Amino acid sequence: MRKVGILGGGQLGRMLLQAAANYPVETYVMENDEQCPAAHLCHHFIKGDIRNYEEVYNFGKGLDAITIEIESVNEEALWQLEKENVQIFPKPSALKIIKNKILQKQFYKEHQIPTADFLVTENLQQIFGHSGFLPAVHKLGSGGYDGRGVQVMHTADDMKKGFDAPGVLEKMVDIHKEIAVIIAINQKGEAAIYPPVDMAFLADLNLLDYQISPAEMPEKTLWKTEAIALKVVRELKSPGIFAVELFVDKNQEVYVNETAPRVHNSGHHSIEGNYSSQFDMLWRVMLGYPLGNTSPILPAAIVNLLGEPGYSGEAHYEGLEKVLSMDNVFVHIYGKRQTKPGRKMGHVTILGKDKQDLVRRAHAIKEQLKVISK
Ligand code: ADP
């Protein structure tokens, strides 16, 4: 059996392991917390720091393949492991580009992939010289995550909120919609594209709040979106699974925002909503099996279960029974013992033909199911 390692044992690793149960594979997970969501679902749990060279190298050296659930892994160890013939999904060369927003934006520009205009900034002082670029968004080159490395700037005064570290100053896009497209690509270069997903964000936490798939958009915008996302993935020249996040502006122009080289939040609905889920698909890619069918079974909505503001401590799921009694509703609890405000604790997938009904039920579930502490 092939030995495959996952760097990171959070909810993405957990769902990946749930899908692994269908395949002949021996799974390994590295994470620094033995109580992490993925720990008890893998064959072998290794406690360690995914950012540490020695630990990642030692974890990977006996394995056939490795994948990641987060970008902040030790990239140098992956380069070395690749030299020693461990297959890495995504390849370190692709990870390197994506890990740093400066390199990522330059990559889009070099490959004529539409993306918001940008300037590279080395420090806060440099930002002040570019007030002509406003309104803009300042993004930290590396280390930002879940909206924490992003500052929106409308006025020259807002520029003080910029990061005093290398980053990009990006022109503000007049966003009509935020879309994500997940694409798997195998060793032969064959690609499988999932239908785009409409994302809606919680403005204050900047976390994905609920989403609907497939996204509604004019056919021409859909073609453009798919073509652009596919170009991103092809130019990264790496097998694996990728989530390309895009903006559609008020004129139906499409811009790439950013890409994740791994299974992604925006693909959770695919577990029940599509014939082959993003997790199933990644195993197919890593184990060399044919790609799966990305078609939707039914339209789907996702509600993220975030820790309720004002509650920290042992997690308690208020309203769970009610939601579990609903038809075509699938609850995923990630098994994190402790909740805190805004923490991603689980998600709920809702299937149904009628989009309005999906949105209505998504709101009802958001009202009914709360993660609190006792
Ligand atoms: P993160 O990597 O932390 O998720 P993103 O780059 O996706 O950060 O930015 C977070 C959010 O900020 C986006 O989902 C979008 O709503 C907003 N945003 C980012 N870039 C722009 C832009 N150029 N124009 C307008 N809004 C933007």
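Because the structure is predicted, anything quoted here is derived from the model rather than measured.
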Subject >> Transitive ILVMFWY side-chain link Val244 to Phe247, under 4.5 Å >> reply: no
Original post:
Is it the case that Arg2 and Gln87 place a side-chain donor and acceptor less than 3.5 Å from each other?
Top reply: yes
**OP:** Look at the side chain of Lys355 and the backbone N and O of Ile212, then say whether any donor-acceptor pair between them is shorter than 3.5 Å.
**Re:** no
Original post:
Taking 4.0 angstrom as the limit, do Lys224 and Glu226 come out as a salt bridge?
Top reply: no
Original post:
With a 4.5 Å limit on heavy-atom distance, are the side chains of Val181 and Thr225 in contact?
Top reply: yes
Original post:
When hydrophobic residues are tied together by side-chain contacts of less than 4.5 Å, even through go-betweens, does Tyr53 share a cluster with Ile50?
Top reply: yes
Original post:
Under 3.5 Å, is there a donor-acceptor pair between the His269 and Thr349 side chains?
Top reply: no
Original post:
Should we say atom NZ of Lys340 is surrounded by more than 12 heavy atoms from elsewhere, each under 6.0 Å from it?
Top reply: no
Subject >> Between Gln11 and Lys336: side-chain donor-acceptor atoms closer than 3.5 Å >> reply: yes
**OP:** Applying salt bridge (charged side-chain N to carboxylate O under 4.0 Å, His left out), run through Lys3 and Asp64 and close with a yes or a no.
**Re:** CA-CA 5 Å; Lys3 297 179 177 174; Asp64 296 302; over 6 Å; no
Subject >> Interatomic distance, Gln187 atom CD to Ile185 atom CD1 [nearest 0.5 angstrom] >> reply: 10.5 Å
Original post:
In terms of side-chain geometry, is the basic nitrogen of Lys374 or Glu314 positioned less than 4.0 Å from the acidic oxygen of its partner?
Top reply: no
**OP:** Examine the side chains of Tyr311 and Glu318 and answer whether a donor and an acceptor come within less than 3.5 Å of each other.
**Re:** no
**OP:** Identify which one of Leu246, Val248, Asp249, Ile175 satisfies the side-chain contact (heavy atoms from CB on, under 4.5 Å) criterion when paired with Tyr255.
**Re:** Asp249
**OP:** Rounded to the nearest 0.5 Å, what's the gap from NZ on Lys231 to CG on Leu236? Could you check?
**Re:** 11.0 Å
Original post:
For the residue pair His264 and Phe242, is the inter-centroid distance of their aromatic rings smaller than 6.0 Å?
Top reply: no
Original post:
So do Lys220 and Gln252 actually touch side chain to side chain, heavy atoms under 4.5 Å?
Top reply: no
Subject >> Lys47 and Glu31 ion-paired at < 4.0 Å >> reply: no
Original post:
When you look at Glu170 and Lys139, which way does the salt bridge (charged side-chain N to carboxylate O under 4.0 Å, His left out) test go after all the steps?
Top reply: CA-CA 8 Å; Glu170 222 179 271; Lys139 299 184 178 180; 3.2 Å; yes
Original post:
Do you reckon Ile97 sits in the same ILVMFWY cluster as Leu78, going by side-chain contacts under 4.5 Å, direct or chained?
Top reply: no
Original post:
Can you tell me if Glu26 and Tyr28 form a side-chain donor-acceptor pair at under 3.5 Å?
Top reply: yes
Original post:
So, do Phe163 and His138 have ring centers that fall under 6.0 Å from each other?
Top reply: yes
Original post:
Mind checking whether His316 and Ser373 have side chains closer than 4.5 Å, heavy atoms only?
Top reply: no
Original post:
Counting heavy atoms not belonging to Lys322, are there more than 12 under 6.0 Å from its NZ?
Top reply: no
Original post:
Using a distance-only test with no angle check, is there a side-chain donor-acceptor pair under 3.5 angstrom linking His332 and Glu272?
Top reply: yes
Original post:
Distance from Asn274 atom CG to Met281 atom CE, nearest 0.5 Å?
Top reply: 8.5 Å
Original post:
Using a distance-only test with no angle check, is there a side-chain donor-acceptor pair under 3.5 angstrom linking Lys105 and Thr115?
Top reply: yes
**OP:** Examine distances only and state if a side-chain atom of Arg14 and a backbone atom of Pro37 form a donor-acceptor pair shorter than 3.5 Å.
**Re:** yes
**OP:** Spell out, as yes or no, whether a donor-acceptor pair under 3.5 Å connects the side chain of Lys177 to the backbone of Glu216.
**Re:** yes
Subject >> Single-linkage hydrophobic cluster Leu12~Met286, side-chain heavy atoms < 4.5 angstrom >> reply: yes
**OP:** Please say which of Leu7, Ile46, Leu17 ends up in a side-chain contact (heavy atoms from CB on, under 4.5 Å) with Val29.
**Re:** Leu17
Original post:
Leu119 and Leu124: same hydrophobic cluster, using ILVMFWY side-chain contacts below 4.5 Å?
Top reply: yes
Original post:
Side chains of Val285 and Phe89: does their closest heavy-atom pair fall under 4.5 Å?
Top reply: yes
Subject >> Asp157-Thr155 side chain donor-acceptor pair, cut-off 3.5 Å >> reply: no
Subject >> Passing option when Tyr108 is tested against Glu110, Gln106, Gln104 for side chain to side chain donor-acceptor pair (under 3.5 Å) >> reply: Gln104
Original post:
Are a donor atom and an acceptor atom from the side chains of Asp280 and Tyr23 found within less than 3.5 Å of each other?
Top reply: yes
**OP:** Inspect the surroundings of CD in Glu84 and state if more than 12 heavy atoms from other residues, nucleotides or ligands are less than 6.0 Å away.
**Re:** yes
Original post:
So, Glu75 versus Trp79: side-chain donor-acceptor pair below 3.5 Å or not?
Top reply: yes
